[in-house]
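All values below were derived from every heavy atom in this structure, side-chain atoms included, with hydrogens, water molecules and symmetry-related copies excluded.
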Amino acid sequence: MAVTTAVPAPAPTPEKRQSVRATLASPRRLKTEVLGGLVVALALIPEAIAFSIIVGVDPRIGLFASFTMAVTISIVGGRPAMISAATGAVALVMAPLVASHGVDYLIAAVILAGIFQIILGLSGVAKLMRFIPRSVMVGFVNALAILIFMSQVPELLGVPWLVYPLAALGLVIVFGLPKLTTAVPAPLVAIVVLTLITVLAAVAVPTVGDKGALPDSLPSLLIPSIPFTVETLQIIFPFALAMAFVGLLESLMTAKLVDDITDTRSPKSREAWGQGVANIVTGFFGGMGGCAMIGQTMINVKASGARTRISTFLAGVFLLILVAVLGGIVSLIPMAALVAVMIFVSVATFDWHSIRPRTLKMMPKSETAVMVATVIGTVATHNLAVGVGVGVLVAMVLFARRVAHFVTVERTVSTAGGHDTATYTVTGELFFASSNELYTQFDYALDPEFVVIDLHASHLWDASTVAALDAITEKYRHHGKDVKIVGLNDASVRMRERLGGKLGAGH
């Protein structure tokens, strides 16, 4: 009799990382990378100009920064297909410095920020990403989607009425075309179609050219004209440090998001120091600096399907060509087309699953609270770093509060050797949040003369716990009772031997 064995279906394999060499050898893949880079370049132009206005500098400074950041990070960065350019986060940090000291100090601060990022990257700061909970990542993504959408609202206020049907047509194209074909990126089709309509019909609507003058020359090397003194360092140091942290946080969070979307992994330490190199190069070419851009990255990765460094490199090259050579044509692109593209990006970026009633009902309330806190913190301040910081802080507090209640203390009294002994068995992890309540769990006055505290099911994590044990033993001695602590594991014994009795009465 034949015996058949059911063979389980093979598990779905993760998406393979596409190499640059393999992409160059495949016309289909190469077309995807080229078109992705072109769409990103078109979307970068008004963004870079807008961020330049926020900082208070000439639009060329933002546009050149986007070019040098994209090209440099495509070579030295760790996350293929991720787009780095001039960003709003960096603009918000640097605006006060430009207002008080001018552009040369801005450039010096960008170079110093790049140095900080290289140091942080080489020192392993990227490893701290593992301490950012998933709920914070979800809140980060949702907040970013909201900010991307909100940034488009001003483009729809106080404009000619024709902007609205144009934007609506753009939305129909970017949402509907992928259902028919993915041969050409839908955002590119929307930009071309709406531009042709406005040009051929001579429709007077806001265009990219209305945002500011486009450069007509290439960027050149520049040394900031500042005094190289300690006083100058004191001025630029806080801005450079803030930019370094904000830029790394946004870049590493975006890299992790792209990792998840493409089901591939990227070296975060390389991405961190690569951002530093890109900012140093950008500074010496007179740019305002930048970091990863999640909106443009989503256009490249999600909307266009790009997967390699080629698209990032070409985004920078196309940007320079468009503004320096084809500026007259680019300036004709209606803002309605770019608004439609960015609204599509915001909808695609938002994690709609996270707010479904079924998900909210299933998810622990603490996880939802962390997500909401991240969203509120980010949207309220328009600063992703602040929002993520708020989310991580809330997550830490809720986690510490939850874990603190996991500690249990059981008391038993036994008679041996002619005397009674009270034994307290402590179970759970002991750290500052749980050990502070530990002190109140003992019956100091009514316990017999001999007391045993059994910690075999516990672990000492910090000085607060050692101080609490010191306070407990001292309290028993004050009542004239003999207390013995047993069951400590090796690590806890070493910590107690090192800190016990040396932390003072204030614990």
Side-chain angles (χ1 to χ4, degrees), residues 37 40-74 77 82-99 103 105-114 117 144 147-148 151 208 211-215 218-219 222 224 239-240 242-244 246-251 254 274-300 312-313 315-320 322-324 327 330 338 342 345 382-385:
V40 169
L42 291 169
L44 277 174
I45 294 172
E47 295 275 310
I49 294 174
F51 297 147
S52 299
I53 295 172
I54 291 174
V55 178
V57 297
D58 189 282
R60 288 177 297 180
I61 293 179
L63 291 166
F64 287 161
S66 295
F67 160 67
T68 53
M69 285 292 299
V71 169
T72 306
I73 206 66
S74 71
M82 190 168 76
I83 305 298
S84 291
T87 62
V90 171
L92 291 171
V93 171
M94 291 302 189
L97 177 61
V98 175
V103 175
Y105 280 83
L106 164 68
I107 295 171
V110 169
I111 296 171
L112 182 58
Q117 288 178 328
L144 201 52
L147 288 180
I148 292 173
S151 68
V208 170
K211 287 290 184 180
L214 300 179
L218 300 178
L222 173 69
F239 294 98
M243 175 185 165
V246 169
L248 280 185
L249 180 60
E250 187 162 352
S251 298
T254 304
Q275 289 287 329
V277 172
N279 273 304
I280 291 175
V281 172
T282 297
F284 280 117
F285 276 95
M288 58 179 274
C291 62
M293 299 187 75
I294 192 167
Q296 276 65 24
T297 298
M298 290 301 99
I299 292 176
N300 196 42
T312 306
F313 177 82
V317 172
F318 283 144
L319 172 65
L320 187 62
L322 288 170
V323 299
V330 172
L338 297 175
M342 296 310 293
V345 169
H382 283 234
N383 190 321
L384 294 169

> At their closest point, which heavy atom of Asn300 faces which heavy atom of Gly37, and how far apart are they?
Replying inline: OD1-N, 4.1 Å

> Just by modelled atom types, is the Gln275 backbone N or O under 3.5 Å from a matching donor or acceptor in the Asn279 side chain?
Replying inline: yes

> Distance from Ile107 atom CD1 to Leu112 atom CG, nearest 0.5 Å?
Replying inline: 14.0 Å

> Heavy atoms, side chains only, cut-off 4.5 Å: are Thr312 and Met82 in contact?
Replying inline: no

> How many angstroms lie between atom CE of Met293 and atom CD1 of Ile83, to the nearest 0.5 angstrom?
Replying inline: 9.5 Å

>> Applying ring-ring contact (aromatic ring centres under 6.0 Å, His included), can you list everything that pairs with Phe313, at least two apart in sequence or on another chain?
In response: none

> Hey, what do you get for CZ (Phe318) to CD1 (Ile45), rounding to the nearest 0.5 Å?
Replying inline: 12.0 Å

>> Let me confirm one number: the CG-CG distance from Leu63 to Leu322, rounded to the nearest 0.5 Å.
In response: 10.5 Å

> Where do Ala65 and Gly287 come nearest, in terms of heavy atoms and distance?
Replying inline: CB-CA, 3.8 Å

> Short question: side chain of Thr72, backbone of Met69 - any donor-acceptor pair under 3.5 Å?
Replying inline: no

>> Any non-hydrogen side-chain atom of Met342 less than 4.5 Å from a side-chain atom of Gln296?
In response: yes

>> I need the Ile49 CD1 to Ile61 CD1 distance, nearest 0.5 Å.
In response: 13.0 Å

> Is a side-chain donor or acceptor of Ser52 paired with a backbone partner of Gly62 at a separation under 3.5 angstrom?
Replying inline: yes

>> Could you tell me if the side chain of Val98 sits less than 4.5 Å from the side chain of Tyr105, heavy atoms only?
In response: no

>> Treating Ser251 as the side-chain partner and Ala292 as the backbone partner, does any N or O pair qualify as donor plus acceptor under 3.5 Å?
In response: yes

>> So which atom in Val71 and which in Val317 form the shortest heavy-atom distance, rounded to 0.1 Å?
In response: CG2-N, 4.2 Å

> At their closest point, which heavy atom of Met94 faces which heavy atom of Phe239, and how far apart are they?
Replying inline: CE-O, 4.0 Å

> Which heavy atom of Leu42 sits nearest a heavy atom of Leu338, and at what distance?
Replying inline: O-CD2, 3.9 Å

> Looking only at heavy atoms, which two atoms of Val110 and Gly289 are closest? And how far apart?
Replying inline: CG1-CA, 3.7 Å

> Which distance, rounded to the nearest 0.5 Å, do you find between the CG of Leu320 and the CZ of Phe64?
Replying inline: 7.0 Å

